[in-house]
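Pasting a structure here, questions to come.
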Number of protein chains: 2
Amino acid sequence: MKSDSTYRSPCPLSKALDLIGDKWSLVIVRDMCMGKSKYGDFQHSDEGIPTNILANRLRQLEEFGIIEKRSYQEKPTRYEYLLTRKGADLLPVLQQLVLWVQKYDNDCIEPPEGFLTALPEDLMAQRDNPQ
Amino acid sequence: MKSDSTYRSPCPLSKALDLIGDKWSLVIVRDMCMGKSKYGDFQHSDEGIPTNILANRLRQLEEFGIIEKRSYQEKPTRYEYLLTRKGADLLPVLQQLVLWVQKYDNDCIEPPEGFLTALPEDLMAQRDNPQ
DNA sequence: CTGGTCACTTGTTTTTTACAAGCGAATTTC
DNA sequence: GAAATTCGCTTGTAAAAAACAAGTGACCAG
């Protein structure tokens, strides 16, 4: 996951930020909450994540146990990325961030229907029954 | 605050990360939630924020309307930094981050008594009646 | 066999961060 | 009253990370 000595302190908040405190990790998690799962899906999101950063973050998120990489076809082998339960449990964090921005910024777009009321369990169910 | 064109996209989540998506901003907000208000207080926190980064983040947080800088003495002029209502409203975000880490990491320390049940209003009250 | 897609990797430049030192105003120590 | 110390920063500079651009290998389609 991440060795103790690489955290800045044992404070849970700073530990959280050591894992996902950057501009891109939660954008990828957001995409996965919306049902995206392929490298190209993430790459084509509006924010325009650089491809090397995307590859790096997917590696890290997997290392941290937030996502799982699994192959969904052979010839050529292709992978998809799915939220683990730990990853799905970040949903309340995303929801609070969205609520915060919505309160103070009128120019942001609406999250998709149901996003603010969804539960981590819903993401796990969706994961096992991809549409 | 931050001009529209500097955001990566109009998505509320990515906007939130454009404002506070880094390793230090929320550590400073956390300190302020715990009643710290002076430059030196932040500087001496366990995580050991570099002083130039601290100065930079305080400037940014003020620019974003998350904190307020005000002088509390003359000769020499000294400043303290306080959460605005917008800043206090980040508390639920911090709380969710802490809950998330606590669920998956047994080695993190406990947040102070009452942290997880506090409300943004409590921080504002505390602000006007410093102990 | 030519071209295209997908999922990346590999340079290289630019930006950000980290670390160390310094500084001005004032206050404290001797 | 001179010297040292504190506070709240700023200014270099080196190291790390991010951004940008191009390339690669496996496959498929025509």
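Here is the naming used below: chain letters follow the sequence lines, and residue numbers restart at 1 for every chain.
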Note, A:Arg78 side chain near A:Pro76 side chain (heavy atom, < 4.5 Å): yes
Distance under 6.0 Å and angle within 45° of ring axis: B:Lys15 vs A:Tyr104: no
Side-chain (B:Ser37) to main-chain (B:Tyr81) donor-acceptor, under 3.5 angstrom: no
For A:Met124, side chain to side chain contact (heavy atoms under 4.5 Å, CB included) partners two or more places apart: A:Arg85, A:Ala88, A:Arg127
Minimum side-chain heavy-atom gap B:Phe42-B:Leu58 below 4.5 Å: yes
A:Asp128 side chain to A:Ala125 backbone, donor-acceptor under 3.5 Å: no
Any residue of residues 5-12 of chain B with a heavy atom less than 4.0 Å from an atom of DNA chain C: none
A:Gly48 or B:Gln43, whichever maps to the more 5' nucleotide of DNA chain D: B:Gln43
Side chain to side chain, B:Ile20 and B:Ile66, heavy atoms closer than 4.5 Å: yes
Touch class at under 4.0 angstrom, heavy-atom based, for B:Phe42 against every strand present: nothing
Student check: side-chain heavy atoms of A:Pro12 and B:Leu97 closer than 4.5 Å: no
Outermost nucleotides of DNA chain C that come under 4.0 Å of a non-hydrogen atom of chain A: C:dC6 to C:dG11
Main-chain N/O of A:Leu17 paired with B:Lys23 side-chain donor or acceptor, under 3.5 Å: yes
Nucleic acid contacts of residues 19-31 of chain B, taken as heavy-atom distances under 4.0 Å to DNA chain D: none
Sole candidate of A:Lys38, A:Arg70, A:Lys36 that passes side-chain hydrogen bond (donor to acceptor under 3.5 Å, both in side chains) when paired with A:Glu80: A:Arg70
Span of DNA chain D, from the first to the last nucleotide whose atoms fall under 4.0 Å of chain B heavy atoms: D:dC7 to D:dG12
Toward the 5' end of DNA chain D, by each residue's nearest nucleotide, B:Asn52 or B:Lys38: B:Lys38
Flag, side chain of B:Asp18 to backbone of B:Arg8, donor-acceptor distance under 3.5 Å: yes
Flag, side chain of A:Asp105 to backbone of A:Val101, donor-acceptor distance under 3.5 Å: no
B:Thr6 (side chain) donor-acceptor with B:Ser3 (main chain) under 3.5 angstrom: yes
Whether A:Gln43 side chain and A:Thr51 backbone form a donor-acceptor pair below 3.5 Å: no
A:Phe115 and A:Leu94, any side-chain heavy atoms less than 4.5 Å apart: yes
Within residues 53-62 of chain B: residues closer than 4.0 Å to DNA chain D (heavy atoms): B:Ala55, B:Arg59
